[in-house]
Enquirer: 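Structure incoming, see below.
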Amino acid sequence: MKLHRITALLVRHLYLYRRSLPRIMEIFYWPFLDLVIWGFITLYLARYQSQVPGFVTFFLGALILWDMLFRSQQGITIAFLEELWARNLMNLFASPLKPSEFLTATMAMSVMKVTVVSIVMAGSALLFYSYNILIVGVWLMPFVLNLVITGWIIGVFTTSLIMRFGQEAEVLAWSMVFLFQPISCVFYPMEVLPTWLQMIAWVNPAAHIFEGMRTVLSGGASPLGNLAWAVCLNGAFLVVVVAWFYRTVAYCKEHGLLVRVGE
Amino acid sequence: MAIPVLKASALTKRFGDFVAVNEVSFEIRPGEILGLLGPNGAGKTTTIQMLLGLVTPTAGSIHMFGLDLSTHREEILQQVNFSSTYISMPQALTVEENLCVVARLYGISDRARRVNDIIKKLEMEEFRSKITRKLSSGQMTRLTLAKAFLTEPRILFLDEPTASLDPDIADKIRSLLKEEQRASGLSILYTSHNMREMEEMSDRIIFLQRGRIVAEGTAREIIDRFGKADLEEVFLKFAREQRQAS
Ligand SMILES: Nc1ncnc2c1ncn2[C@@H]1O[C@H](COP(=O)(O)OP(=O)(O)OP(=O)(O)O)[C@@H](O)[C@H]1O
């Protein structure tokens, strides 16, 4: 891997964000709006749901952590879509850039996005609801890292689908992650799911992180077990989706799709 | 005779049952401009895309600088570049920003100077700070040519490079290509539907028809072999034959 090729892609995206209001809004405005709207709804519901202990804490924490996963996935998929929209894929794939460097650059983009979004959301939560995400304590960092990796997995998977099926599959960039939301048990514990769905949720690394978050916030036991599951599942899925991405690139070259994907 | 910088052997591409390129073999020598001619759908773009590693050949091999493209992609593509009227570059970036990104991508060390030089060379000063989206199609073509020259390639693939340029700029680009060929020994694979341009530019020409090479030689040799007045007439003969066959 060559660092200069990875930084070339990063610089290209930073140039893009520097003068594009809609792209800046995607990082600042929407996460802020999400938090404000859902935050106030949470406060309102909390009045009537007092029997659920720590309702506000759970809900706001979940909201912020979910957004990190979402933005991490978007960081990957949108970076690819930007190249597709710009009809720049041919320039990239006919250069010495390797698929691994392309993926690394999009992952770095996703980390940058998540960092900014986290600051916006955590800051807004503190300002509007006096809610400090740091109450999750030392577990916060490992939780976030795992959610970012789950975001990458969904992002690389979605990117491969768009590459394979072309622009018609573009809508997946925004919708795919929401397929995972019900089985990520973001706002409710896994036990509320029907048994068959619990089995599916069990293999979703994000579900273990949100379970872990609730364990920590309710002052319960250490979430090490949840974290271990999340790490193992993330590791396994990351290997699988990256391998699949490579296969997709090879398939597209075989069928001449790489040069037609933007058409 | 000099060792070829590019050697394509029995290059074949099938898309399902359709054979787009059929056992095509050719070489490009150092400092040579090879014209690739053929009617629409003859397989020119598919051939170039295989040479750029964008499309995997069904059969055959590609060697550049003595290296096999299937195993030395990175080393080869570092020394190769291309320009086509059909590609674009990131629209929201300025011309200069786009060139800087390309310079980084190819690991060019003195980026600012090289970008400046190429902007001057292609007379792009007046639109160097313009957002790419706002360029005219001729300016866009110049930008894609600039990105191709910027990396100082040893082989350049040019797919209809002068198609959207006004005659004055097109003439300048042709002179520039000739100049680079002489000065740095640049080898060029060139496609164009402008037969006069092909005659003027190419040291040698390959004619493709339905994915196969049907004629090869200097423009003069080809014209004489088919007993035609000029390259345009030879082209029309092959184009009509292809149309009748399909
Ligand atoms: N990805 C693909 N899948 C199926 N068929 C393809 C694909 N790419 C090209 N073809 C077919 O292969 C043939 C050769 O196409 P190609 O674009 O190489 O021709 P060309 O000589 O460059 O034509 P033009 O002068 O119009 O650019 C055409 O019939 C085209 O439809």
Side-chain angles (χ1 to χ4, degrees), chain A residues 1-24 78-102 104-105 163 246-263, chain B residues 13-16 18 20-21 45-46 48-58 70 72-84 86-94 96-109 111 131-133 140 143-144 147-148 151 153 157 159:
Chain A
M1 270 209 252
K2 290 267 165 57
L3 190 64
H4 63 81
R5 297 202 281 255
I6 297 168
T7 48
L9 289 193
L10 288 178
V11 167
R12 175 253 192 277
H13 285 284
L14 293 178
Y15 278 145
L16 196 64
Y17 277 83
R18 210 168 61 176
R19 65 169 75 90
S20 167
L21 189 64
R23 290 180 177 93
I24 297 285
I78 302 284
F80 173 78
L81 279 176
E82 294 283 6
E83 306 299 2
L84 189 121
W85 293 328
R87 306 187 59 161
N88 195 38
L89 283 173
M90 197 164 151
N91 288 321
L92 295 182
F93 283 100
S95 81
L97 184 80
K98 293 180 186 169
S100 57
E101 291 161 346
F102 179 79
T104 309
M163 200 184 257
Y246 271 81
R247 274 198 62 156
T248 306
V249 173
Y251 178 93
C252 290
K253 285 186 178 183
E254 189 66 43
H255 292 82
L257 298 177
L258 217 49
V259 281
R260 293 179 171 228
V261 75
E263 292 171 4
Chain B
K13 184 66 203 176
R14 276 191 213 101
F15 293 110
F18 180 75
V21 176
T45 304
T46 308
I48 291 185
Q49 284 167 354
M50 284 193 279
L51 298 175
L52 286 168
L54 293 164
V55 168
T56 314
T58 311
S70 64
H72 294 82
R73 182 187 165 276
E74 192 185 339
E75 295 100 304
I76 292 176
L77 293 182
Q78 180 69 38
Q79 305 177 65
V80 162
N81 215 316
F82 77 104
S83 171
S84 158
Y86 307 119
I87 58 156
S88 182
M89 293 193 75
Q91 301 285 308
L93 272 59
T94 66
E96 204 169 347
E97 286 168 350
N98 263 319
L99 292 175
C100 283
V101 170
V102 173
R104 273 180 196 274
L105 194 61
Y106 285 79
I108 294 170
S109 46
R111 283 192 298 273
I131 301 285
T132 303
R133 186 182 304 113
M140 185 67 214
L143 171 59
T144 63
K147 84 105 203 177
T151 63
F157 299 108
D159 202 356

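Per chain, numbering begins at 1; letters A, B, ... match sequence-line order.
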Enquirer: Quick one: which of Val101(B), Leu54(B), Val55(B) has the most heavy-atom pairs under 4.5 Å with chain A, could you say?
Expert: Leu54(B)
Enquirer: Taking side chain as everything from C-beta outward and backbone as N, CA, C, O, which of these in Phe157(B) sits under 4.5 Å from a heavy atom of chain A? Side chain, backbone, both or neither.
Expert: neither
Enquirer: Quick one: of Thr58(B), Leu93(B), Asn98(B), Leu51(B), who has the most non-hydrogen atom pairs under 4.5 Å with chain A?
Expert: Leu93(B)
Enquirer: With a strict 4.5 Å heavy-atom criterion, list every residue of residues 72-80 of chain B that contacts chain A, or say none.
Expert: Arg73(B), Glu74(B), Leu77(B), Gln78(B)
Enquirer: Is the shortest distance from a Lys or Arg side-chain nitrogen in Glu82(A) or Arg23(A) to a carboxylate oxygen in the other one below 4.0 Å?
Expert: yes
Enquirer: Side chain to side chain donor-acceptor pair (under 3.5 Å) with Thr248(A): which residues, sequence neighbours excluded?
Expert: none
Enquirer: With a 4.5 angstrom heavy-atom cut-off, is it the side chain or the backbone of Thr144(B) that approaches chain A, or both, or neither?
Expert: neither
Enquirer: Who passes salt bridge (charged side-chain N to carboxylate O under 4.0 Å, His left out) against Arg247(A), sequence neighbours left out?
Expert: none
Enquirer: For chain B, which candidate among Asn91(A), Leu3(A), Leu97(A) shows the most heavy-atom pairs at distances under 4.5 Å?
Expert: Asn91(A)
Enquirer: I'd like to check the salt bridge (charged side-chain N to carboxylate O under 4.0 Å, His left out) partners of Arg133(B); sequence neighbours left out, ordered by chain and number.
Expert: none
Enquirer: Determine whether the aromatic ring centres of Tyr17(A) and His13(A) lie less than 6.0 Å apart.
Expert: no
Enquirer: Assess, by modelled atom type and distance only, whether the side chains of Thr45(B) and Asp159(B) contain a donor and an acceptor separated by less than 3.5 Å.
Expert: yes
Enquirer: If the threshold is 4.0 Å, N to carboxylate O, is there a salt bridge linking Glu254(A) and Arg14(B)?
Expert: no
Enquirer: May I ask you to check if Lys147(B) and Phe82(B) form a cation-pi contact, with NZ or CZ under 6.0 angstrom from the six-membered ring centre and within 45° of the axis?
Expert: yes
Enquirer: Of all of Gln49(B), Gln91(B), Glu97(B), Lys13(B), which one pairs up most often with chain A through heavy atoms under 4.5 Å apart?
Expert: Glu97(B)
Enquirer: Which bit of Ser95(A) comes within less than 4.5 Å of chain B, counting heavy atoms only: side chain, backbone, both or neither?
Expert: both
Enquirer: Return yes if some donor-acceptor pair links the side-chain N/O of Arg5(A) with the main-chain N/O of Phe102(A) below 3.5 Å, else return no.
Expert: no
